[in-house]
Amino acid sequence: MTSSPRAEPAPAPPWVVLGRGDAGAVHAVSLDADGNETRRWELAAGEFADWVAARERDGAPRWVWSDTPAWYAPLLEAGVRVARCQDLRLCHAILSDSAFVPFTESLRTAPEWDAASAEGTPAADTLFEVSDAGGSTGVPEGLDAALAEFARQRTALASSPQEKRLRLLLAAESAGALIASELRSAGLPWDAEAHDAILTGILGARPPGGGSPAELDRTGEAVRAALGDPALSLDSQPKLLRALHRSGVLVESTSRWELAQHEHPAIEPLLAYKKLSRLHSANGWGWLATWVHDGRFRPVYVPGGVVTGRWASFGGGALQLPRQLRAAVAADPGWALIVADVAQLEPRVLAGMAGDMAMADAARGRDLYAGIVERGAVATRAEAKVAMLGAMYGATTGSSGRLMPRLRSIFPRAMSLVDDAARTGEEGGIVTTWLGRSSPSPSPGWRETQSRAGDAAALPADERRARQSARDRGRFTRNFVVQGTAAEWSLTWMAEIRRRLDALGEVDEAVAAPRSGAAFFRRPHLAFFLHDEVILHVPLQLADAAADAVRDAAASASRLLFGEFPIDFPLDLHIAETADKG
DNA sequence: AGCTGGATTGGG
DNA sequence: AGAACCCAATCCAGCT
């Protein structure tokens with residue numbers, strides 16, 4: 001079953017809008033496709049999860065709710081998953097800024113929906129209460145408020161000349177919100193013993209009292225000896241800098257790349273010390289004790305947490321897991337991990353947006369950078385890579401900037417797209433992703449800087465500052481369209497993966513993974529996401545089917561965004577026991 | 001004591 | 001190896 005036969009398009013499921021009443025009661029209204037109310041419910045707190053589960057079995061409506069973590073975390077804890085939702089907070093943020101929506105006034109008259117999610121900024125020690133049990137979100141929770149906002153969003157959508165794309169974006173963003181809650185509920189399978197063994201191998205044995213481990217100490221001593229300062233504190237940047245100067249190492253900073261350019265007996269142990277110290281403080285035994293419980297790492301993901309639409313995270317540094325620790329990500333017995341990432345996601349997305357057939361050809365079925373070399377624009381893969389990154393990030397100097405004209409000559413459409421985005425940004429305009437997420441307007445300070453440079457009395461310094469900030473903004477908008485559209489592709493990919501995994505069904509109790517949370521312990525599930533990579537945790541017997549689901553989902557995401565335009569998104573995919581892929 | 005900003009290093 | 005874009009987390013210094 002590599003590709004499930006397309007079912008007849010089911011009639012659009014009805015909407016069910018939810019709101020909270022007193023004492024945890026839930027008020028619900030179902031709406032038909034025209035937005036007319038068809039039914040009303042009032043549920044006591046204790047009945048809610050079972051009622052949702054029953055509705056899911058009976059047609060699976062699209063749940064319309066204020067804020068996904070607040071509604072969905074308790075459901076997941078009760079073992080109840082939902083197929084789809086509309087997250088009013090996230091959709092409000094997209095629609096009220098989107099250049100694809102001609103009239104945003106009505107959305108802008110509801111600023112209460114601009115509030116940040118509850119998970120955005122909790123106090124550290126209330127983290128678990130807030131995100132597991134819901135709690136105050138900052139956006140309205142009542143049914144009337146939800147109905148009114150939902151109506152505004154439907155009106156905005158219907159007024160858009162790009163309704164289809166925006167609809168896809170809202171669905172993908174909302175599916176992402178569901179997935180973020182599910183990732184936390186399921187957790188990333190984590191082998192604490194393997195983690196401990198990695199730390200011990202690199203840092204030396206863990207000191208019983210919690211002090212610094214042997215190898216870290218030894219390396220630190222070597223640095224102090226080489227600098228002739230036995231009491232030096234290596235963790236203080238100013239003190240370390242002064243000590244280096246006293247020893248004749250005239251660096252301006254203590255950063256790795258600058259140190260590496262100098263010759264001194266202290267340099268080598270110092271670079272080693274920094275590496276060890278980083279591992280120890282950021283992902284050492286303290287991290288393990290704080291973030292890994294019962295065999296799972298459960299970070300908090302924040303969908304839409306970045307202006308471009310990428311996810312943010314907080315707590316545990318989920319988006320910065322060092323490669324050294326990947327061997328600690330390990331499937332449960334009888335289960336496997338599927339680790340899949342997209343090769344060169346951003347340039348491929350750019351080719352799709354620009355409809356650049358030459359670039360699509362260079363990318364098809366292989367390493368895109370090799371394809372660029374074959375076309376003769378540059379001599380080596382390394383050059384192709386820096387040139388492409390420079391095109392998307394806005395490099396103007398160095399080898400990357402030098403190579404840009406060659407890219408312009410072979411990929412004129414793709415390069416015009418990013419160059420236009422940069423020009424729009426420099427002029428103070430806004431740019432928009434493929435599906436309709438628009439960049440923020442320039443800040444008042446930015447406009448002020450620009451207009452001051454236009455004054456008759458402007459000083460050369462004013463003009464320089466204005467040019468600088470204009471270029472900075474141009475680089476931001478240049479990157480925004482590509483990074484933001486790549487985020488949309490990834491969200492769509494994950495939503496399609498999730499849908500296909502649900503169709504694979506459950507395994508027997510005998511091979512369940514009980515630590516994966518009440519809603520997932522018998523099903524293949526997503527366990528990790530990082531911009532262009534997913535990790536799935538799947539029962540061995542379903543591993544091949546799940547891998548097919550991941551590949552099919554990539555093809556489906558490409559079609560949903562770019563239709564029949566022939567840009568492909570090849571995956572690097574492994575089925576393995578650990579996420580370490582060497 | 002608690003907050004903010006700079007420096008640094010990890011991720012894409 | 002650098003520089004360009006989007007980040008988070010840590011530590012220390014310097015401030016209120």
Side-chain angles (χ1 to χ4, degrees), chain A residues 120-121 123-124 212 233-242 251-261 270-284 286-287 290-291 299-302 304-326 341-347 349-350 382-383 385-404 418 421-422 425 431 433 437 439-440 468 471-487 489-490 528-534 579:
Chain A
T121 50
S212 65
S233 162
L234 299 176
D235 299 325
S236 163
Q237 196 259 359
K239 289 176 190 164
L240 177 57
L241 200 55
R242 281 194 294 271
V251 284
E252 286 185 13
S253 77
T254 63
S255 67
R256 187 161 43 115
W257 68 269
E258 193 180 353
L259 287 169
Q261 293 171 337
L270 178 54
L271 294 179
Y273 176 85
K274 282 169 163 278
K275 230 180 167 59
L276 298 183
S277 166
R278 168 77 189 184
L279 177 64
H280 182 240
S281 66
N283 293 102
W287 181 92
T290 305
W291 290 103
V300 178
Y301 294 93
V302 186
V306 177
V307 273
T308 56
R310 273 186 173 181
W311 288 11
S313 76
F314 76 89
L319 273 41
Q320 303 121 262
L321 282 183
R323 309 201 78 83
Q324 290 168 300
L325 288 184
R326 280 184 158 253
D341 70 324
V342 193
Q344 303 121 19
L345 173 60
E346 292 189 353
V349 155
L350 172 57
E383 279 186 323
K385 185 172 177 175
V386 293
M388 203 67 238
L389 292 177
M392 292 183 302
Y393 293 159
T396 52
T397 59
S399 55
S400 174
R402 255 196 327 278
L403 294 167
M404 296 265 286
V418 285
V431 295
T433 61
R437 191 187 310 262
S439 65
Q468 179 64 42
R471 281 202 206 100
D472 288 348
R473 189 158 191 281
R475 283 195 303 277
F476 166 65
T477 51
R478 169 191 291 272
N479 186 249
F480 182 94
V481 293
V482 180
Q483 188 182 115
T485 304
W489 187 94
S490 293
F528 187 72
F529 169 57
L530 180 54
H531 305 320
D532 61 358
E533 175 184 11
V534 292

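Letters go in sequence order (proteins before strands), and every chain restarts at 1.
Within the 4.0 angstrom heavy-atom criterion, no nucleotide atom of any strand lies near A:Val482. Counting any heavy atom pair closer than 4.0 Å across all strands shown, A:Gly394 reaches no nucleic acid atom. Looking at heavy-atom distances under 4.0 Å, A:Arg256 makes contact with sugar-phosphate atoms alone, never a base. At a threshold of 4.0 angstrom between heavy atoms, the contacts of A:Gln237 are confined to the sugar-phosphate backbone, with no base atom among them. At the heavy-atom level, A:Thr397 lies nowhere under 4.0 Å from the strands shown. Base contact: A:Ser399 has a heavy atom under 4.0 Å from a base atom. Among the atoms of the strands shown, only primed sugar atoms or phosphate atoms (P, OP1, OP2) are found under 4.0 Å from some heavy atom of A:Ser253.
When side chains are defined from C-beta on, A:Lys274 counts as touching A:Thr254, because their heavy atoms get closer than 4.5 Å.
Look at CG on A:Leu321: it is 10 Å from P on B:dG12, rounded to the nearest Å.
Applying side chain to side chain contact (heavy atoms under 4.5 Å, CB included) to A:Val481 and the options A:Leu350, A:Thr433, A:Val431 leaves one that passes, A:Val431.
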Yes or no on salt bridge (Lys or Arg N to Asp or Glu O under 4.0 Å) for A:Glu533 and A:Arg323, after CA distance, side-chain angles and deciding distance?
CA-CA 13 Å; A:Glu533 175 184 11; A:Arg323 309 201 78 83; 5.8 Å; no
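Set against B:dG11, C:dA9, C:dC5, the side chain of A:Arg278 has C:dA9 as its closest nucleotide.
One N or O on the side chain of A:Arg478 and one on the backbone of A:Ala391 form a donor-acceptor pair closer than 3.5 Å.
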